[in-house]
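Start at 1 and go down the list; that is how both ligands and their atoms are numbered.
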Amino acid sequence: MRTGRFHTWRALRVPAHRASSATLAGAYPFLTAPACDTGVLIGVDALTGGPFCFDPWALYAAGVLTNPNVLLAGVIGQGKSALAKSIAIRSIAVGRRVYVPGDPKGEWAPVAEAVGGVVVRLGPGMSTRLNPLDAGDETPAITHGRRVRLLASLAETTLGRDLRAVEHGALDAALTAAETSASPTIPDVIAALITPDDDAARADGSTATERASDGRDLAHGLRRLVRGDLAGMFDGTSTQTLDTSAPMVVLDLSRLGSNEDALALAMTCAQTWLEAALATPDGVLRWVIYDEAWRLLRSLPLVRRLQSQWKLSRAHGIANLLILHRLSDLDAVGAHGSEARAIAAGLLADCSTRVTYRQESDQLTATAAALGLTEPERDLLTALPRGTGLWKMPGCSHIAHHLLHPDELAVFDTDAAMRDPSTSVHSNPDPDPDRKEVAS
Ligand SMILES: Nc1ncnc2c1ncn2[C@@H]1O[C@H](COP(=O)(O)OP(=O)(O)O)[C@@H](O)[C@H]1O
Ligand SMILES: [Mg+2]
């Protein structure tokens, strides 16, 4: 009723009130997204001051996320790797496992060692060898399919082109011949490409001579793994079996240096080797972390493999974490309209959680468009301090500051080499004598 005793037409004369967003978020909690307080602790929610936690599987089960994959982008030195490492070791504490299928900078080994994980170091002249054709726990047909895809990817990388139909035929026949051995290796496949089986060729309506000529380029391409700059790494029986029960497995590829082709080939092999293990249905949830992923995105065969692995991730309880400098790294994979660009766009679409650390101002428009940022969110990106990121999930955003424990910092520190030891104020509770030597 309009004429009620308490009705008044008079406007309230409340003075205007200004406060920081942190205070206002406390006063008007309904203005911020609901607290993200399930999962491992990441740090503090900068808008509410409350804890900020994250668990992609729990959020996926609750219907907040459409997939468990995460994209993390930010300029160098902002704490992307530190965040990924905290997520890794804090998740291990609650029973998850972590794979880092390629660490080009060699900064993950101390993390794996700290949690009792395994570090596989690959590089020219090292004694470790992985046979990417190792069989997993799958059926022979699945193993064969995985091997064919791997060999095709390797050949495409070394030849720098897609394979022709006859080459696929020659490769499949050569692998079938090599598979008469219980654990075939790449040199076995090369031998079968050079001297194809006559009966098998005839059964496919060809001849051994034709097959040999169809497979000539392939044999040369694959030989790079046997005689070239990757010799001794993937060309024989494995010296190490993958311990799937290890809390963390890191493939340290830092000895490959800046050789991009070698990195792509090694990652392709390593990826397949891990894939066989990841397919083991043991009910364990796993993070697969691609640090410095912009380097991997330069290789189309590898981008294709990432895509197929991501498609399987939900079925295998895997959450992928892809770390880039900027979203335009995804555009740099190929020309506009190319297959690589379409796959890269698909990878972004398959990351339900996008965490953005500080961006250069020239990246703002593209980042805002790709992530659907609001204007204030966009303006924030150039001002984010180290360790603070904008977490975008479907329907909600958070600004979270990652809290790094001093013990974590001692293991994660990538700035050690940049610090002048004579002026260093960084206190390491348990100084590593080797590290000191490097710094001095
Ligand atoms: N949340 C944080 N709090 C305090 N220091 C941090 C934080 N994150 C990172 N750092 C420091 O910044 C350094 C660089 O971080 P890093 O994760 O290697 O950056 P990026 O991977 O983005 O290049 C680390 O060695 C650490 O000393
Ligand atoms: Mg890093």
Heavy atoms of other groups near Arg161 CZ, more than 12 under 6.0 Å = yes
Selection from Ser86, Gly79, Pro406 by shortest heavy-atom distance to atom 9 (C) of ligand 1 = Gly79
Does Asp350 reach the side chain of Gln307, with side-chain heavy atoms less than 4.5 Å apart?
-> no
Take the Mg ion (ligand 2) and tell me which protein N, O or S atoms are nearer than 2.8 Å.
-> Ser81 OG
May I ask you to check whether Glu107 has an N/O atom sitting below 3.5 Å from an N/O atom of ligand 1?
-> no
Could an N or O of ligand 1 be found under 3.5 Å from any N or O of Leu83, whether backbone or side chain?
-> no
Counting only N and O atoms by type, is there a donor-acceptor contact under 3.5 Å from the side chain of Lys80 to the main-chain atoms of His325?
-> no
Without hydrogens or angle criteria, can the side chains of Ser328 and Asp331 be said to hold a donor-acceptor pair below 3.5 Å?
-> no
With heavy atoms only and a cut-off of under 4.0 Å, state how Lys85 meets ligand 1: side chain, backbone, both or neither.
-> neither
Modelled atom types, side-chain donor and acceptor of Glu377 and Ser397, under 3.5 Å | yes
From the list Leu390, Val70, Leu348, Asn69, side chain to side chain contact (heavy atoms under 4.5 Å, CB included) with Arg354 holds only for Leu348
Report yes if the side chains of Val284 and Arg96 come closer than 4.5 Å at any heavy-atom pair, otherwise no.
-> no
Taking the minimum heavy-atom distance to atom 10 (N) of ligand 1, which of Arg386, Lys80, Glu292 ranks first?
-> Arg386
Does CZ belonging to Arg255 count more than 12 external heavy atoms closer than 6.0 Å?
-> no
Mark up the atoms of ligand 1 that fall under 4.0 Å of a heavy atom belonging to Ala82, in ascending order.
-> 8 (N), 9 (C), 17 (O)
Contact atoms of ligand 1, heavy-atom distance to Gly387 under 4.0 Å | 1 (N)
Before giving the answer on side chain to side chain donor-acceptor pair (under 3.5 Å), spell out for Thr185 and Asn131 the whole-Å C-alpha distance, their side-chain angles and the decisive distance to 0.1 Å.
-> CA-CA 7 Å; Thr185 60; Asn131 182 5; 5.8 Å; no
Does any N/O atom on Ser81 come nearer than 3.5 Å to any N/O atom on ligand 1?
-> yes
Between Leu409 and ligand 1, which residue portion shows a heavy-atom distance shorter than 4.0 Å: side chain, backbone, both, or neither?
-> side chain
Should Leu322 and Leu72 count as side-chain neighbours, where that means a heavy-atom distance under 4.5 Å?
-> no
For the residue pair Asp291 and Lys105, establish whether any side-chain heavy-atom pair is separated by less than 4.5 Å.
-> no
Does Gly77 have a non-hydrogen atom less than 4.0 Å from ligand 1?
-> yes
